[in-house]
Amino acid sequence: DAFHETGAELIRVGKTGGMLRYLLDLRKAVLANGIDIVHAQTSSNALVSILALLMSRVKVVTTFHGFSFADAPKWYRKLVYWGSRRVLCVSEFEKRHYERKWGLPEHNKIGVVYNGIDFSKLEGPEPDLSHPVQVSGNTLNMVMVGSFNEVRSQFFICQVMHRLNQLDVPCRMYFAGRPYESEPWWYDKCVSFCQDNDLMDKVFFMGNRSDIPWFL
């Protein structure tokens with residue numbers, strides 16, 4: 001509804017008839033509407049757009065929102081990188097991660113456009129009280145939002161919490177996020193560490209939440 005309220009045109013491309021039909025229909029829709037730039041928000045979108053728009057004047061710009069594509073098969077990531085006029089990351093850290101993984105030179109087509117924040121969203125939905133947050137005035141309460149994977153290094157934070165507990169620092173850590181599909185063991189490693197070091201009353205694994213604005 002919010003999209004329709006902008007008055008922007010919505011062009012639908014059917015998915016029946018197989019991939020070749022889809023590529024041809026996508027190419028026809030883009031060229032017929034005089035579109036100059038296609039923004040792909042996932043690597044699969046980028047691949048489809050690049051194949052559909054070969055030998056055309058249309059430029060494909062790809063945005064990375066995570067880290068998993070850095071380990072994609074070589075042919076796949078090379079095609080997406082080659083076929084994209086620009087590749088945009090949402091942080092300098094993410095940009096450096098891809099440059100290091102792919103061995104890119106200093107001057108390359110990867111740039112950074114930071115995610116903007118719509119502060120009105122912080123009003124958010126009603127809180128999920130099935131997993132209550134314990135807040136008290138004399139305790140340092142910390143939170144991290146994001147799926148559990150090695151790049152985010154939640155395990156390091158668990159180790160920090162262990163050290164703070166040894167120093168009798170009154171603090172709690174709340175993790176909001178699910179195990180990452182390709183690295184489910186990372187979540188288990190964090191939970192096991194906290195269990196083994198009696199931290200479960202100070203480190204809370206809240207799972208996926210629908211009330212992140214309220215949570216923050």
Side-chain angles (χ1 to χ4, degrees), residues 2-3 6-15 17-119 121 144-157 177-184 186 212:
F3 177 83
T6 67
E9 182 182 3
L10 177 62
I11 303 170
R12 295 186 182 275
V13 179
K15 293 185 178 179
M19 179 55 70
L20 180 59
R21 181 75 261 168
Y22 179 69
L23 294 175
L24 292 173
D25 287 347
L26 177 59
R27 182 184 180 90
K28 181 179 178 181
V30 170
L31 298 181
N33 286 276
I35 294 171
D36 297 307
I37 298 174
V38 170
H39 176 209
Q41 294 201 59
T42 67
S43 56
S44 57
N45 291 158
L47 181 62
V48 168
S49 300
I50 290 165
L51 293 176
L53 299 168
L54 284 173
M55 306 300 291
S56 76
R57 58 173 177 74
V58 181
K59 301 173 181 64
V60 176
V61 175
T62 303
T63 303
F64 292 157
H65 298 271
F67 300 88
S68 58
F69 189 60
D71 297 313
K74 189 174 182 179
W75 69 268
Y76 185 9
R77 57 103 165 162
K78 275 189 171 293
L79 184 55
V80 169
Y81 181 79
W82 167 81
S84 300
R85 183 60 175 262
R86 289 285 284 175
V87 175
L88 303 177
C89 293
V90 295
S91 71
E92 289 288 348
F93 182 87
E94 186 183 46
K95 177 176 179 287
R96 291 194 299 271
H97 179 77
Y98 278 92
E99 289 173 336
R100 178 177 57 82
K101 281 274 190 174
W102 293 356
L104 296 177
E106 181 179 350
H107 300 289
N108 56 69
K109 63 174 67 175
I110 296 185
V112 176
V113 175
Y114 295 100
N115 276 333
I117 299 174
D118 180 357
F119 284 97
K121 291 184 177 180
M144 183 175 184
V145 177
S147 301
F148 279 75
N149 62 11
E150 191 167 1
V151 166
R152 289 197 174 97
S153 200
Q154 287 96 340
F155 184 70
F156 175 74
I157 297 176
R178 57 180 171 75
Y180 203 63
E181 290 90 344
S182 60
E183 299 174 349
W186 189 251
I212 294 300

Query raised in the report: Mind checking what makes side chain to side chain contact (heavy atoms under 4.5 Å, CB included) contact with Thr42, not counting sequence neighbours?
Result: Ser44, Asn45
Report task. Would you name the heavy atoms of Pro179 and Pro184 that are closest together and state the gap between them? Result -> CB-CA, 4.3 Å
Query raised in the report: In Å, rounded to the nearest 0.5 Å, how long is the span from CZ of Arg86 to NZ of Lys59?
Result: 13.0 Å
Query raised in the report: What is the minimum heavy-atom distance between Val112 and Ser91, and which atoms define it?
Result: CG2-O, 3.8 Å
Query - Pairwise distance CZ(Arg96) to CG(Leu104) - rounded to 0.5 angstrom - result: 14.0 Å
Requested in this report: Sorted by first residue and then second, give each salt bridge (Lys or Arg N to Asp or Glu O under 4.0 Å) pair with at least one member in residues 38-56; sequence neighbours left out.
Outcome: none
Query - Option among Glu183, Gln154, Arg152 that satisfies the side-chain contact (heavy atoms from CB on, under 4.5 Å) test with Ser147 - result: Arg152
Report summary line: Quick note, salt bridge (Lys or Arg N to Asp or Glu O under 4.0 Å) partners involving residues 18-29, not counting sequence neighbours, are Arg21-Asp25
Report task. Report the residues that fulfil salt bridge (Lys or Arg N to Asp or Glu O under 4.0 Å) with Glu9, sequence neighbours left out, ordered by chain and then residue number. Result -> none
Requested in this report: Under the salt bridge (Lys or Arg N to Asp or Glu O under 4.0 Å) rule, collect the residues that match up with Arg85, sequence neighbours excluded.
Outcome: none
Query raised in the report: With sequence neighbours left out, what residues match Tyr22 under ring pair (Phe, Tyr, Trp, His ring centres under 6.0 Å)?
Result: none
Query raised in the report: Looking at side-chain heavy atoms only, is the closest gap between Tyr180 and Trp186 below 4.5 Å?
Result: no
Pairs of donor and acceptor atoms involving the side chains of residues 32-40, under 3.5 Å and at least two apart or interchain, shall be tabulated with distances.
from: Asn33; atom 1: ND2; to: Ala29; atom 2: O; distance (Å): 2.7
from: Asp36; atom 1: OD1; to: Arg57; atom 2: NH1; distance (Å): 2.9
from: His39; atom 1: NE2; to: Thr63; atom 2: OG1; distance (Å): 2.5

Query - Partner set under side chain to side chain contact (heavy atoms under 4.5 Å, CB included) for Pro73, not counting sequence neighbours - result: Trp75, Tyr76
Query - Those residues that, when tested against Leu10, pass side chain to side chain contact (heavy atoms under 4.5 Å, CB included) (two or more places apart) - result: Phe3, His4, Arg12
**Report entry** Side chains of Arg77 and Ser43 in contact at under 4.5 Å (non-hydrogen atoms)
**Finding:** no
Query - Smallest separation among heavy atoms of Leu31 and Ser56, with atom names - result: CD2-CB, 4.2 Å
Query raised in the report: Is there side-chain contact between Phe69 and Val80, with heavy atoms separated by less than 4.5 Å?
Result: yes
Query - Pairs touching residues 99-117 that satisfy salt bridge (Lys or Arg N to Asp or Glu O under 4.0 Å), sequence neighbours left out - result: Asp71-Lys101, Lys95-Glu99
Query - Results of side chain to side chain donor-acceptor pair (under 3.5 Å) for Thr62 - residues two or more places apart only - result: Ser84
Report summary line: Correct closest heavy-atom pair for Tyr98 and Cys89 would be CD1-SG, 4.3 Å
Query raised in the report: What pairs with Tyr81 under side chain to side chain donor-acceptor pair (under 3.5 Å), at least two apart in sequence or on another chain?
Result: none
Report task. Answer whether the closest heavy-atom distance between the side chains of Glu92 and Tyr114 falls below 4.5 Å. Result -> yes
